[in-house]
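Shown next, in structure tokens, is the structure this report addresses.
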Amino acid sequence: METQSEEQAAAEAADSRGEGEPPQVAGPQAARPEDRMALLLRVRAQTKQQLLEYKSMVDANEEKTPEQIMQEKQIEAKIEELEKEIEEAKIAFEMKKLALDRMQLSSALKKHMEKINTKTSVLMDNMKQILSLNKSVMKSQQETRDLEDKLLDVRKKRLQLKQASERKLLEIQTEKNKQKDDLGSMENSGKIKTIQQNLEMEIQITTVIQHVFQNLILGSKANWAEDSALKETVLQLEKNLTMIQ
Amino acid sequence: MSVLRPLDKLPGLNTATILLVGTEDALLQQLAEAMLKEDCTSELKVHLAKSLPLPSNVNRPRIDLIVFVVNLHSKHSLRNVEESLHHVDATFFLGKVSFLATGAGQESHCSIHRNTVMKLAHTYRSPLLFCDLEIEDFRAAMAQRLVRMLQICAGHVPSVSALNLLSLLQSSENPSLEDL
């Protein structure tokens, strides 16, 4: 299977070299040999890739598979391990390619620099522009940092003011609560109760005395409607003094 | 032959063959036509099948990519695909098999949950594509994608192999399935 594809590839390579010989073909026929060459080159690349696939399958089949029956979770863990290995190999390859490209680029650059006049080339202009842009970038970054610092200061001050106002409000609240408590405690104290009781007794005594006077006046059969002072005393029947509490 | 093997035949020169397996004939036909309309440097051959195993009397070329089409509206298509999967050799699943779920756009008609198909694709370690095959633009885009995948699986793209593509496609899918 593999030798067949190798022979095919060799035959196609010979053909493509043969086709490259006559380049002077006029008009529309000029497209066809080039198309055919492109096709041949493409088929060559395809066959190479397919050969690689078959080779890797053969190599894979030569590896011994483990005979013991593993649990599904173990198999999955193993698969993930192998996939990680593949990823790491890929990454290592990419890094190496990158490093190689960089080395090639730097050596090409060095050779180029040795040949040219360093004052006038386009490369130097580019480098100078890059440097000036970098400077402006750094300046604007510095400015942004300064502005951010200022912003931070303002925010800190605001926070401090907020905390101070919080403290003040808390103090006000505690003072108010203290006042309320004092008032409440005062009302419940015994002093006020005794004073209230005395007041009640005095009011009752006054009411009794008033009633006595009223009955005296009424009983004396004097004409109390003519005298204003007597009138007032009698008419006080209507005022109920015990309501004053 | 009862089991499909990926590398048991020699590849045809500059030809790539794809096998679409699914119960929805009309959709597969339309997808096949969209794929054949695509601009491609290699010759494309599209085979359609309702289910595997394929009849062994037909002389067919080497199959480079199998796409199992599941219609999320019918449980029958999922069962059909699951049964057909038994007739595919294990080495096929190294990047030459893909699942395509259609009909995800109409949530009300879906009788299969997305996660079922995602779990199926995860068990078989194959990429899962979602596409509403009834909408022409999506079908054309999916046809383009399948043509590129087919070229890679047939070995027509130098330096990229089917397994390479598989590991590229898988790295973004696995983390989401761990949360399930």
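We name chains A, B, ... by the order of the sequence lines, and we start the count at 1 in each one. No experiment lies behind these values; they were computed from the predicted model shown.
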When rounded to the nearest 0.5 angstrom, what is the spacing between CD in A:Glu53 and CG in B:Leu94?
-> 10.5 Å
Would you give the length of the straight line joining atom CG of B:Asn14 to atom CZ of A:Arg42, rounded to the nearest 0.5 angstrom?
-> 6.0 Å
In residues 95-109 of chain B, which residues are in contact with chain A at a heavy-atom separation under 4.5 Å?
-> B:Lys96
Listed by residue number, which members of residues 37-48 of chain B have a heavy atom under 4.5 Å from any heavy atom of chain A?
-> B:Thr41, B:Ser42
Can you confirm whether [X] sits close enough to [Y] that some side-chain heavy atom of one is under 4.5 Å from a side-chain heavy atom of the other?
X	Y	answer
B:Asn164	A:Lys90	yes
A:Gln50	B:Arg62	yes
A:Gln49	B:Val160	no

List the steps and the verdict of side-chain contact (heavy atoms from CB on, under 4.5 Å) for B:Arg125 and A:Glu83.
-> CA-CA 11 Å; B:Arg125 306 240 152 209; A:Glu83 278 179 350; 3.5 Å; yes
Given a strict heavy-atom distance threshold of 4.5 Å, which part of A:Leu39 is in contact with chain B: side chain, backbone, both, or neither?
-> side chain
In terms of heavy-atom contacts, does [atom1] of [X] have more than 12 from other residues, nucleotides or ligands at under 6.0 Å?
X	atom1	value
B:Glu82	CD	yes
A:Gln129	CD	no
A:Met127	CE	no
A:Gln179	CD	no
B:Phe138	CZ	no

Between B:Leu10 and A:Tyr54 the two heavy atoms that sit nearest each other are CA-OH, 4.0 Å
